[in-house]
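I have placed the structure first, in the form of structure tokens, so that the comments after it can refer back to it.
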Protein chains: 2
Amino acid sequence: MDYLSRTEELLLLAVWKLQDEAYGLAVRRHLSKLLGKEMSVGAVYVPLERLVRNGLLETWESEPTQKRGGRRKRFYRLTPQGMAALNAVKQLQESAWQNLPSLGLNLAS
Amino acid sequence: MDYLSRTEELLLLAVWKLQDEAYGLAVRRHLSKLLGKEMSVGAVYVPLERLVRNGLLETWESEPTQKRGGRRKRFYRLTPQGMAALNAVKQLQESAWQNLPSLGLNLAS
DNA sequence: AGGTTTCTTCTACGGAGTAAAACAAATAGG
DNA sequence: CCTATTTGTTTTACTCCGTAGAAGAAACCT
């Protein structure tokens, strides 16, 4: 389609929103809340890696934190390409929703 | 994902927009223009039929018109379910794009 | 009639989306 | 300590979506 899929868009936005706390499980929590439905682990990590492979995200590993179970995390951040893709899809969205005739009143077809 | 995919959303919006002229090839022309790229025939008809199967569109056949090559068309119209799905995805979209931190200025992390 | 145009149906395939198990590594607490 | 628990990532496998393109169908025109 040449445009971001919905999933990709939501993932990129989640990474953006979470800023310096954008790692796999945090993204999952964020989106699960937004969608009102628990997402599976794979539904997050797999497409996230695809976005990295396609150059829309960049990623790196951090040191472990000092919290219960806290271990090495893999963080994500938008690339310029990622931002551009978000802008493109937003514009698409806006044009697609413009000038919709009001339903119901089919006068004189 | 429980929400419309981008493709489904664009197809539903095209059907809505085209009103009583919403048939396969017209939808294709409309979307090709919106996307700035010629879509294949199958990229339109196949998902359209899926939307019918899932109850988001209803469809029926018309009589041929009196135009060169004009033949029987299969028209589409949104069902209430289809409208509801569009509303849902629009709200999702709006919440997903809200409260995004401005990039660049990572002050005092 | 034959060719052209408009439109739909069919088919086949690659890749996205998802669930779930397996794996890994840190901490807490007795 | 040393084991259970928590937090997190990687891997795998499967289903269904998205897409291209050929094939089929039926009208019109000259």
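Numbered from 1 within each chain, the chains take letters A, B, ... in sequence-line order. Heavy-atom basis, side chains included; hydrogens, waters and symmetry copies ignored.
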Give the rounded distance in Å between these two atoms: [atom1] of [X] and [atom2] of [N].
X	N	atom1	atom2	answer
B:Leu12	D:dC17	CG	P	14 Å
A:Met1	D:dA20	CE	C1'	14 Å
B:Arg6	C:dG15	CZ	C1'	17 Å
B:Arg53	C:dC10	CZ	P	13 Å
A:Leu4	C:dG17	CG	P	10 Å
B:Leu35	D:dT19	CG	C1'	13 Å
B:Glu8	D:dT19	CD	P	11 Å
B:Glu38	D:dG21	CD	C1'	13 Å

Step by step, would you call B:Leu35 with A:Met1 a side-chain contact (heavy atoms from CB on, under 4.5 Å)? CA-CA 8 Å; B:Leu35 296 172; A:Met1 155 101 60; 4.1 Å; yes
Candidate nucleotides [options], ranked by approach to the side chain of [X] - the nearest:
X	options	answer
B:Ser40	C:dT9, D:dT19, C:dA19	D:dT19
B:Val41	D:dT19, C:dC7, D:dA22	D:dA22
B:Tyr23	D:dG18, C:dG17, C:dC7	C:dC7
A:Arg50	D:dT19, D:dT10, C:dA16	C:dA16

Look at atom CD of B:Gln66 and say whether more than 12 heavy atoms of other residues, nucleotides or ligands are closer to it than 6.0 Å. no
Restricting to ring-ring contact (aromatic ring centres under 6.0 Å, His included), what partner residues turn up for A:Tyr3, sequence neighbours left out? none
Close approaches to DNA chain D from residues 71-84 of chain B, in residue order (heavy atom, under 4.0 Å): B:Arg71
Regarding [X], tell me which of base, sugar-phosphate or nothing describes its non-hydrogen contacts under 4.0 Å with the strands shown.
X	answer
A:Gly24	sugar-phosphate
B:Arg29	sugar-phosphate
B:Gly70	sugar-phosphate

Side-chain ion pair, B:Glu9 and A:Arg6, N-O less than 4.0 Å: yes
Ion pair B:Arg72/B:Glu63, N-O distance below 4.0 Å: yes
N/O donor-acceptor pair, side chain B:Arg68 with base C:dT5, under 3.5 angstrom: no
Residue pair B:Arg74 / B:Trp60, side-chain heavy-atom distance below 4.5 Å: no
Less than 4.5 Å apart, side chain to side chain, heavy atoms only: is that true for B:Leu78 and B:Leu56? no
Hey, what do you get for CG (A:Leu86) to CG (A:Leu13), rounding to the nearest 0.5 Å? 5.0 Å
For A:Leu25 and B:Thr7, find the nucleotide of DNA chain D closest to each by heavy atoms; which residue's nucleotide sits nearer the 5' end? A:Leu25
Considering just the side-chain nitrogens and oxygens of B:Thr65, establish if one lies under 4.0 Å of OP1 or OP2 belonging to C:dT6. no
